[in-house]
Student: 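Sharing a structure, written as structure tokens. Questions coming.
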Amino acid sequence: MDDQQQDASAFLDFAAPAWFSELATGLSIRSQFILTGNVRDVYPLNRGTEIEFAPFESAVWNVLEASGCTLLLIHDPVDGLRIHDECDQRFKEVLDDLGFELGRVVSTPREIAALATKVATEARVPMALMFDYGSMMLRQAGDELDKLYVALDKLSRAPALARPDQDWQCPPRNPVMWVLDRVGDMPEWLTTRNPGLRDMSIGNPDLSDRISFMTFLASGLSDYDGLSFDKQSKFVEQFAVGCEGMMLMDMLSIVDLARAEQIGLADLAEAQRHYILGTNRNPWTSPVMRQRVTDSKEVLERRVKGQPRAIERTYDILVRSIMGLSGAQTTNRGSRPRGILFFVGPSGVGKTELAKSVAEVMFGDETAMNRFDMSEFMNEEAIGRLIGPPAGAPGHENGGELVNAVRARPFGVFLFDEIEKGHPRILDMFLQILDDGRLSDSRGETGYFSEALIIFTSNVGVVGGDKSANSGQNVLPSDTDAVLEEKLTRAVADHFRYNLKRPELMNRLGQNIVPFQFINTRSSGVIFDAVVMRVLNAVREEHGVDVILTPGAKDDLEAACTFELLDGGRGIGNRIESNLINPLSRLLFTKKNLETLTITGVEAQEAAETKLIYK
């Protein structure tokens with residue numbers, strides 16, 4: 001990137017990344033460093049009259065050179081030992097005289113320890129050694145690793161070198177630096193409580209770095225010259241803010257993508273979306289999606305019975321999602337999920353079924369829904385399932401279920417069933433998902449939810465806890481729609497604010513709460529008819545038998561299946577299983593060569609399930 005330079009006047013407030021000064025200070029008192037984190041990025045270097053963005057090893061050399069080092073040696077498992085490109089290459093002859101073999105790959109613990117010792121004890125040349133891809137070297141080092149670690153520990157505690165001519169313009173020790181995937185790749189006894197060793201985590205670029213870098217890149221975009229200075233600055237800052245958590249190399253890739261697709265600075269967020277999702281396809285903006293949402297009420301009403309108000313609210317939120325206006329009142333709406341729905345109400349009234357129906361409406365297939373039953377995540381340890389086990393734990397390399405799911409299918413529905421049962425620490429993840437539209441797993445991989453629809457279901461507020469009144473029921477079938485909605489909404493707010501002590505999560509849900517009504521006598525009949533028809537169709541498809549219910553038999557069966565409505569549609573389905581499916585299965589099992597079966601009556605048995613009268 002040497003040819004991409006910017007006049008220093010654009011960077012009057014330039015500040016080097018914090019780790020530069022941390023390394024510079026450490027050089028005066030420490031002999032070994034472990035460098036982890038964002039070590040594969042580019043970093044701003046102040047060259048006096050210009051700012052240059054350079055790779056990690058150049059940034060390290062910039063600090064070493066300013067501290068008086070004259071040479072940086074780098075070893076990696078492929079190229080072996082080499083001199084950093086910006087160092088004086090005439091040192092190759094000096095190194096040859098000192099017994100250093102450039103190009104040699106060291107791999108055994110003995111060889112690694114010998115090279116580190118040779119550098120650390122060479123007093124005549126102020127130098128540093130960087131073991132790049134150190135984690136790979138340590139994994140391949142084989143036996144006797146403990147001896148290597150002991151050697152490194154001894155080196156880290158060794159006194160300062162006796163430099164010739166008392167040259168104090170360089171570090172007192174020749175530092176050995178390990179670039180590792182994580183600190184845990186070395187034993188804890190070596191890395192903790194060791195005054196000669198410094199563990200440094202290289203952080204992601206801050207906002208100042210990102211703005212500087214974007215200013216550095218922006219002039220190459222197609223619409224740059226046609227924008228005023230104020231608009232250039234505005235779009236640069238907007239993009240830099242939206243790249244929170246990204247590397248500068250990510251920003252460079254986004255700008256390269258924008259150039260390839262002729263996307264200008266004003267629309268750079270679109271290139272960013274293409275980059276993080278891996279595709280420029282956006283089903284949310286397709287005519288097909290718009291038409292499906294237009295026809296969605298019919299689909300939702302066909303699958304979910306007796307919930308007209310819930311369907312109406314859901315439809316409004318789907319339309320808002322299609323129009324890209326979810327969270328339009330916030331400053332970061334572009335990164336938030338496309339839509340959020342919080343279904344709350346009695347058990348068995350259609351909350352999960354409506355979530356499946358939404359997936360069918362939006363994406364043509366209910367399998368586009370990723371379902372997480374939060375009753376499986378009641379313990380804090382379960383967080384590892386969602387974001388992956390910690391480093392070193394079994395399964396760490398596989399990542400987390402939730403992050404993997406959204407990376408595999410960023411356009412989809414994510415259902416979190418019975419959200420109130422999840423452990424409070426797991427609930428904290430939803431703050432990041434709902435606010436920033438992203439979540440990182442234990443490996444550092446990030447999943448983006450900006451194009452997903454998030455649905456929560458909950459039974460909070462149905463039972464009030466006071467058993468002396470209404471058997472503890474907070475809401476009743478006799479409540480009007482307005483009363484039930486007010487009770488449930490208040491109960492959800494109180495639960496998150498006072499029980500879970502997560503008021504901020506409630507704030508993210510906003511006005512996306514969708515209350516569900518109890519099943520009433522009118523809707524229970526509709527549900528009963530739909531389930532029975534499903535059963536009779538299944539019998540016809542599986543066994544080729546037409547089952548006919550006479551009006552009297554149907555009335556008797558409906559009375560037996562809908563007498564209790566507090567347990568909702570699921571209760572109706574369970575009683576249809578006991579009163580129709582089970583006795584019908586016995587009949588079909590014993591009767592052969594049936595083409596038609598007419599059921600004329602239903603009789604309850606004292607010690608057995610319902611008996612079907614047939615002809």
Side-chain angles (χ1 to χ4, degrees), residues 1 4 11 14-27 32-46 51-64 72 74 76 84 86 128 130-138 175 177-186 191 197-217 239-256 272 275-276 335 387-388 390-392 396-397 399-400 403 407 432 436 438-448:
M1 299 179 64
Q4 291 183 317
F11 303 98
F14 170 80
W19 68 267
F20 282 29
S21 61
E22 183 181 358
L23 178 58
T25 301
L27 290 172
Q32 294 202 35
F33 296 85
I34 294 176
L35 307 174
T36 59
N38 185 32
V39 296
R40 304 296 171 198
D41 206 354
V42 292
Y43 311 86
L45 303 181
N46 191 341
I51 300 299
E52 176 186 336
F53 287 86
F56 182 65
E57 62 182 53
S58 295
V60 171
W61 169 241
N62 182 72
V63 177
L64 291 170
L72 171 60
I74 301 173
D76 68 59
H84 176 53
E86 296 177 36
M130 175 190 291
F131 284 109
D132 201 5
Y133 299 96
S135 296
M136 183 176 298
M137 292 181 61
L138 295 176
M177 294 174 285
W178 288 86
V179 181
L180 302 181
D181 296 337
R182 54 185 181 270
V183 179
D185 288 336
M186 283 191 174
T191 59
L197 185 150
R198 177 66 174 174
D199 160 28
M200 289 176 49
S201 178
I202 312 301
N204 286 331
D206 61 20
L207 180 59
S208 175
D209 294 335
R210 299 196 303 273
I211 290 177
S212 296
F213 191 58
M214 193 55 222
T215 304
F216 182 76
L217 297 173
F239 178 64
V241 169
C243 289
E244 170 66 31
M246 288 187 171
M247 302 182 349
L248 297 185
M249 289 299 292
D250 289 317
M251 296 176 64
L252 175 61
S253 296
I254 293 170
V255 171
D256 286 343
Q272 181 182 6
Y275 176 73
I276 64 177
S335 60
I387 63 170
H396 168 73
E397 66 280 1
V403 175
R407 285 172 61 84
Q432 187 176 355
D436 301 329
R438 67 184 181 190
L439 182 69
S440 297
D441 66 11
S442 58
R443 301 172 302 168
E445 296 286 354
T446 301
Y448 294 89

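This is a predicted model, so every value here is computed, not measured. FYI, the numbering just counts along the sequence from 1.
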Student: Asn62 versus Phe20: any side-chain heavy-atom pair under 4.5 Å?
Tutor: yes
Student: Phe56 and Met130: which non-hydrogen atoms are nearest, and at how many Å?
Tutor: CE2-CE, 4.2 Å
Student: With sequence neighbours excluded, what pairs up with Arg407 under the salt bridge (Lys or Arg N to Asp or Glu O under 4.0 Å) test?
Tutor: Glu445
Student: Distance check, rounded to the nearest 0.5 Å: Asn38 atom CG versus Leu248 atom CG?
Tutor: 7.5 Å
Student: Test of understanding: with side-chain contact (heavy atoms from CB on, under 4.5 Å), list the residues that count as partners of Thr446, not counting sequence neighbours.
Tutor: Arg438, Ser440, Tyr448
Student: Specify the closest pair of heavy atoms between Val183 and Thr36, including all atoms of both residues, with the distance to one decimal.
Tutor: N-CG2, 3.8 Å
Student: Are Ile202 and Tyr43 side-chain neighbours, meaning at least one heavy-atom pair lies under 4.5 Å?
Tutor: yes
Student: I need the Ser212 OG to Asn46 CG distance, nearest 0.5 Å.
Tutor: 10.5 Å
Student: If we only count heavy atoms from C-beta on, is the Met246 to Ile276 side-chain gap below 4.5 Å?
Tutor: yes
Student: If every non-hydrogen atom of Arg443 is compared with every non-hydrogen atom of Glu397, which pair is closest and at what distance?
Tutor: NH1-O, 3.2 Å
Student: With a 4.5 Å limit on heavy-atom distance, are the side chains of Ile51 and Phe216 in contact?
Tutor: no
Student: Does any part of the side chain of Pro17, heavy atoms only, come nearer than 4.5 Å to the side chain of Pro205, both counted from C-beta?
Tutor: no
Student: Out of curiosity, Cys243 SG to Ile211 CD1, how far, rounded to the nearest 0.5 Å?
Tutor: 11.0 Å
Student: Who are the side-chain contact (heavy atoms from CB on, under 4.5 Å) partners of Ser442, not counting sequence neighbours?
Tutor: His396
Student: If you take all heavy atoms of Leu45 and Ala59, which pair is closest and at what distance?
Tutor: CD2-CA, 3.9 Å
Student: Report the residues that fulfil salt bridge (Lys or Arg N to Asp or Glu O under 4.0 Å) with Asp250, sequence neighbours left out, ordered by chain and then residue number.
Tutor: none
Student: Mind checking side chain to side chain donor-acceptor pair (under 3.5 Å) for Asp256 and listing every partner two or more places apart, or none if nothing turns up?
Tutor: Arg259
Student: Please answer whether the main-chain N or O of Met249 pairs with a side-chain N or O of Asp41 as donor and acceptor at a distance below 3.5 Å.
Tutor: yes
Student: With rounding to the nearest 0.5 Å, note down the distance linking CD1 in Ile34 to CE in Met177.
Tutor: 12.5 Å
Student: Can you sort out the partners of Glu86 under side-chain contact (heavy atoms from CB on, under 4.5 Å), two or more places apart, ordered by chain and number?
Tutor: Arg47, Ser58, Trp61, His84
Student: I'd like to check Leu64 versus Pro175 (side-chain heavy atoms, cut-off strictly below 4.5 Å). Are they in contact?
Tutor: yes
Student: For a side-chain contact (heavy atoms from CB on, under 4.5 Å) check, start with the C-alpha distance between Leu27 and Phe33, then their side-chain angles and the critical distance, and finish with the verdict.
Tutor: CA-CA 9 Å; Leu27 290 172; Phe33 296 85; 3.9 Å; yes
Student: For atom CE of Met200, decide whether the heavy atoms of other residues, nucleotides or ligands shown that lie under 6.0 angstrom number more than 12.
Tutor: yes
Student: Mind checking side chain to side chain donor-acceptor pair (under 3.5 Å) for Glu244 and listing every partner two or more places apart, or none if nothing turns up?
Tutor: Arg210
Student: Partners of Glu22 by salt bridge (Lys or Arg N to Asp or Glu O under 4.0 Å), sequence neighbours excluded?
Tutor: Arg198
Student: By side-chain contact (heavy atoms from CB on, under 4.5 Å), which residues pair with Asp132, not counting sequence neighbours?
Tutor: Arg40, Ile74, Asp76, Val179
Student: Kindly write out the residues that satisfy ring-ring contact (aromatic ring centres under 6.0 Å, His included) with Tyr275, not counting sequence neighbours, or none if the list is empty.
Tutor: none
Student: Considering residues at least two apart in sequence or located in another chain, which fulfil the side chain to side chain donor-acceptor pair (under 3.5 Å) criterion with Ser135?
Tutor: Asp185
Student: Return the CZ to CE distance between Phe131 and Met137, rounded to the nearest 0.5 Å.
Tutor: 5.0 Å
Student: Check whether any side-chain heavy atom of Leu252 sits under 4.5 Å from a side-chain heavy atom of Phe53, and report yes or no.
Tutor: no
Student: Only counting residues at least two apart or in another chain, list the ones meeting salt bridge (Lys or Arg N to Asp or Glu O under 4.0 Å) with Asp199.
Tutor: none
